[in-house]
Participant: 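Pasting in a structure now, in structure tokens, and then I'll have a few things to ask.
We count residues from 1, following the sequence as given.
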Amino acid sequence: MIRQDRLAPWAAYLLVGAGALIMLAPFYFMFVFATHSRSDIFSLPPPLFFGTDFLPNFAILTGRIALWRSLGWSLYVALASTALTLLFCSMGGYAFAMFEFRFKKPLFALVMGTMMLPSFLGMIPSFMIMDALGWIDQPRALYIPGAASAFGIFMMRQFITSSIPRDLIEAARMDGCGELRIYWSVVLPLLQPALGTLGLITFIASWNNFIGPLVVMRSPEMYTFPLALRGMYSPGDTEWGALLAGAAIATVPLLVLFAISSRRLIDGLTAGAVRG
């Protein structure tokens with residue numbers, strides 16, 4: 001029995017370690033293949049360690065696509081999407097958590113119901129709306145429509161309900177604060193863990209977004225990086241080393257961002273789960 005108690009943690013560690021290796025393997029080979037030529041990548045056995053062809057691959061990449069311009073568009077769209085999502089979702093979550101109004105429950109149920117719809121069902125209506133507004137081939141078509149996401153509103157509502165006491169809001173009202181002042185000076189500072197988590201999730205999702213730009217962007221000059229990188233692919237002449245070099249360049253900022261804010265991400269996801 002004692003031996004079994006000692007072996008159980010090691011078995012769990014072994015299982016988790018094996019799962020981690022399987023999940024990290026695609027990232028590792030992406031970075032490795034980014035330093036090899038196309039012929040080396042398709043050799044048998046394939047290279048398992050880093051090579052010396054990253055600079056030639058990078059030269060091919062910059063020769064095929066407008067690398068820095070597309071990265072700039074991706075950064076702009078991701079930052080704008082994150083800022084607007086944090087603003088509108090925190091406002092919506094605060095309203096659903098602290099206000100009582102007519103049809104509150106049906107409206108919240110309607111917001112939650114949108115999470116059950118597959119995203120591809122909205123592509124054609126979204127394109128028609130963007131076309132009617134004249135936003136085709138405009139970056140605003142990528143960050144304004146999703147600014148008030150159902151997931152973000154739900155997350156903010158749960159965090160506010162579980163972590164911000166109503167007495168604090170009532171005390172601020174008794175002191176003469178208006179609702180906007182309460183939201184800006186009282187609620188937002190207390191929402192920092194949830195805002196950090198939602199901001200990280202939104203930034204990563206916007207940075208990696210491929211379908212959205214594919215639907216509304218027409219000019220290569222307006223392509224975000226995932227869409228520009230797709231232009232590297234061709235059925236018969238794909239420079240896989242250059243393509244994977246671009247994928248590695250796009251992945252590095254996300255890995256750094258996640259490494260810096262992973263603790264805040266976990267804290268924000270668990271903060272509203274249990275009432276303190």
Participant: With heavy-atom distances below 4.5 Å as the criterion, would you say the side chains of C89 and L198 are in contact?
Facilitator: yes

Participant: State, with a plain yes or no, whether a side-chain heavy atom of V32 is found less than 4.5 Å away from one of L244.
Facilitator: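 Sidechains of L244 and V32: no contact.
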
Participant: List the atom of R173, the atom of M98, and the distance in Å for their closest heavy-atom pair.
Facilitator: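 Distance-wise, the nearest heavy atoms are NH2-O, 4.3 Å.
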
Participant: So, is the end of the R230 side chain (NZ or CZ) under 6.0 Å from the ring centre of F210 and within 45° of the ring's axis?
Facilitator: no

Participant: Would you compute the distance between atom OG of S163 and atom CG of L168 and round it to the nearest 0.5 angstrom?
Facilitator: 12.0 Å

Participant: Spell out, as yes or no, whether a donor-acceptor pair under 3.5 Å connects the side chain of T62 to the backbone of A59.
Facilitator: yes

Participant: For I182, is there any backbone N or O sitting under 3.5 Å from a side-chain donor or acceptor partner on S185?
Facilitator: no

Participant: Working to the nearest 0.5 angstrom, can you tell me the gap between L133 CG and R140 CZ?
Facilitator: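 Atom-to-atom, L133:CG and R140:CZ are 9.5 Å apart.
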
Participant: Assess whether a salt bridge exists between E170 and R166, defined as any Lys/Arg side-chain N lying under 4.0 Å from an Asp/Glu carboxylate O.
Facilitator: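 Looking at R166 together with E170, the answer is no, because their closest N to O distance does not fall below 4.0 Å.
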
Participant: Counting N and O atoms only, with roles assigned by atom type, does the side chain of T35 sit under 3.5 Å from a partner on the main chain of G51, one being a donor and the other an acceptor?
Facilitator: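 Yes; at least one donor-acceptor contact below 3.5 Å.
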
Participant: Any chance you could measure Y233, atom OH, to L243, atom CG, to the nearest 0.5 Å?
Facilitator: 10.0 Å

Participant: Do you know which two heavy atoms are closest between G246 and F225, and how far apart they sit?
Facilitator: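 Here G246 and F225 meet closest at O-CE2, 3.2 Å.
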
Participant: In Å and rounded to the nearest 0.5 Å, what is the CD1 to CG distance from I204 to N209?
Facilitator: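 If I round to the nearest 0.5 Å, the distance is 13.5 Å.
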
Participant: Hey, does the side chain of R38 reach the backbone of T238 with a donor-acceptor pair shorter than 3.5 angstrom?
Facilitator: yes

Participant: Under the side chain to side chain contact (heavy atoms under 4.5 Å, CB included) rule, what do F203 and L79 come out as? Steps first, then yes or no, please.
Facilitator: CA-CA 7 Å; F203 185 90; L79 291 175; 3.8 Å; yes

Participant: Treat each ILVMFWY residue as a node, draw an edge where side-chain heavy atoms are under 4.5 Å apart, and state whether L180 and F99 are in one component.
Facilitator: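 No: no chain of side-chain contacts under 4.5 Å links L180 to F99.
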
Participant: Could you give the distance from CE (M222) to CD1 (I136), rounded to the nearest 0.5 Å?
Facilitator: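 Spacing of CE (M222) from CD1 (I136) equals 12.0 Å.
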
Participant: Taking a hydrophobic cluster as the set of Ile, Leu, Val, Met, Phe, Trp and Tyr residues connected by side-chain heavy atoms closer than 4.5 Å, whether directly or through intermediates, do V16 and L14 fall within one such cluster?
Facilitator: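 Different hydrophobic clusters.
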
Participant: Are there over 12 heavy-atom neighbours, none belonging to Y28, within less than 6.0 Å of that residue's OH?
Facilitator: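 Yes, enclosed.
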
Participant: Would you check if the side chain of S206 reaches a backbone N or O of T202 as a donor-acceptor pair within less than 3.5 Å?
Facilitator: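 The answer is no, because no donor-acceptor pair under 3.5 Å joins these two groups.
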
Participant: For L190, run the side-chain contact (heavy atoms from CB on, under 4.5 Å) check against I160, L195, I164 and tell me which one passes.
Facilitator: I164

Participant: Quick one: does any side-chain atom of Y223 pair with a main-chain N or O of W73 as donor and acceptor, under 3.5 Å?
Facilitator: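 Side chain of Y223 to backbone of W73, a donor-acceptor pair under 3.5 Å: no, none is there.
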
Participant: For H36, does its backbone N or O pair with a side-chain atom of N57 as donor and acceptor, under 3.5 Å?
Facilitator: yes

Participant: Both conditions, 6.0 Å and 45 degrees, for the charged tip of R218 above the ring of F127: are they met here?
Facilitator: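 Negative - R218 is either too far from the ring of F127 or too far off its axis.
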
Participant: State whether the side chain of S149 and the backbone N or O of G152 hold a donor-acceptor pair below 3.5 Å, judged by distance alone.
Facilitator: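 Checked: pair present.
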
Participant: Evaluate the side-chain proximity of M217 to T224: yes if any heavy-atom separation is below 4.5 Å, no if none is.
Facilitator: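 SC-SC contact between T224 and M217 ruled out.
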
Participant: Does one hydrophobic cluster hold both I124 and I211, with members joined at side-chain heavy-atom distances below 4.5 Å?
Facilitator: no

Participant: Please check if W240 and F49 belong to a single hydrophobic cluster, counting links between Ile, Leu, Val, Met, Phe, Trp and Tyr side chain heavy atoms closer than 4.5 Å.
Facilitator: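 Result: yes, single cluster for both.
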
Participant: Can you tell me if F154 has over 12 outside heavy atoms packed within less than 6.0 Å of its CZ?
Facilitator: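 Counting neighbours around CZ of F154, 12 or fewer heavy atoms of other residues, nucleotides or ligands fall under 6.0 Å, so no.
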
Participant: Do I249 and F58 make a side-chain contact, defined as non-hydrogen atoms from C-beta onward lying under 4.5 Å apart?
Facilitator: yes

Participant: Using a 4.5 Å cut-off on heavy atoms from C-beta on, say whether the side chain of E179 contacts that of Y94.
Facilitator: yes

Participant: Quick one: are I144 and W135 in side-chain contact, heavy atoms under 4.5 Å?
Facilitator: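 Contact flag for I144/W135 side chains = yes.
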
Participant: Should V77 and W207 be marked as a side chain to side chain contact (heavy atoms under 4.5 Å, CB included) after you check the CA-CA gap, both sets of side-chain angles, and the distance that decides it?
Facilitator: CA-CA 8 Å; V77 171; W207 181 268; over 6 Å; no

Participant: Mind listing the closest non-hydrogen atom pair of A141 and M130 along with its distance?
Facilitator: CB-SD, 3.6 Å

Participant: Could you tell me the separation between the CD atom of E239 and the CG atom of L61, rounded to the nearest 0.5 Å?
Facilitator: 11.0 Å

Participant: Side-chain contact, heavy-atom cut-off 4.5 Å: L107 with V111?
Facilitator: no

Participant: Counting N and O atoms only, with roles assigned by atom type, does the side chain of S43 sit under 3.5 Å from a partner on the main chain of D40, one being a donor and the other an acceptor?
Facilitator: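 Flag set: sc S43 to bb D40 pair under 3.5 Å.
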
Participant: Please work out which of the three classes, parallel, tilted or perpendicular, describes the rings of F101 and F96, given edges at 30° and 60°.
Facilitator: tilted

Participant: Hey, quick one: are Y183 and M174 part of the same hydrophobic cluster, counting side-chain heavy atoms closer than 4.5 Å, chains of contacts allowed?
Facilitator: no

Participant: Please report the shortest heavy-atom distance between F33 and P47, naming the atom on each side.
Facilitator: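 Closest heavy-atom pair between F33 and P47: CE2-O, 3.5 Å.
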
Participant: Show, in sequence, the C-alpha distance, side-chain angles and deciding distance for S90 and L188, and conclude whether the side chain to side chain contact (heavy atoms under 4.5 Å, CB included) test is met.
Facilitator: CA-CA 8 Å; S90 60; L188 275 185; 4.1 Å; yes

Participant: For A247 versus T251, what's the shortest heavy-atom pair and its separation?
Facilitator: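 A247 and T251 have their closest heavy atoms at O-OG1, 2.6 Å.
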
Participant: Examine distances only and state if a side-chain atom of S70 and a backbone atom of A228 form a donor-acceptor pair shorter than 3.5 Å.
Facilitator: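 No: the side chain of S70 does not pair with the backbone of A228.
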
Participant: Side chains of F151 and T114: closer than 4.5 Å at any heavy-atom pair?
Facilitator: no

Participant: For I22 and P26, which heavy atoms make the closest approach, and how far apart are they?
Facilitator: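 That would be O-CD, 3.3 Å.
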
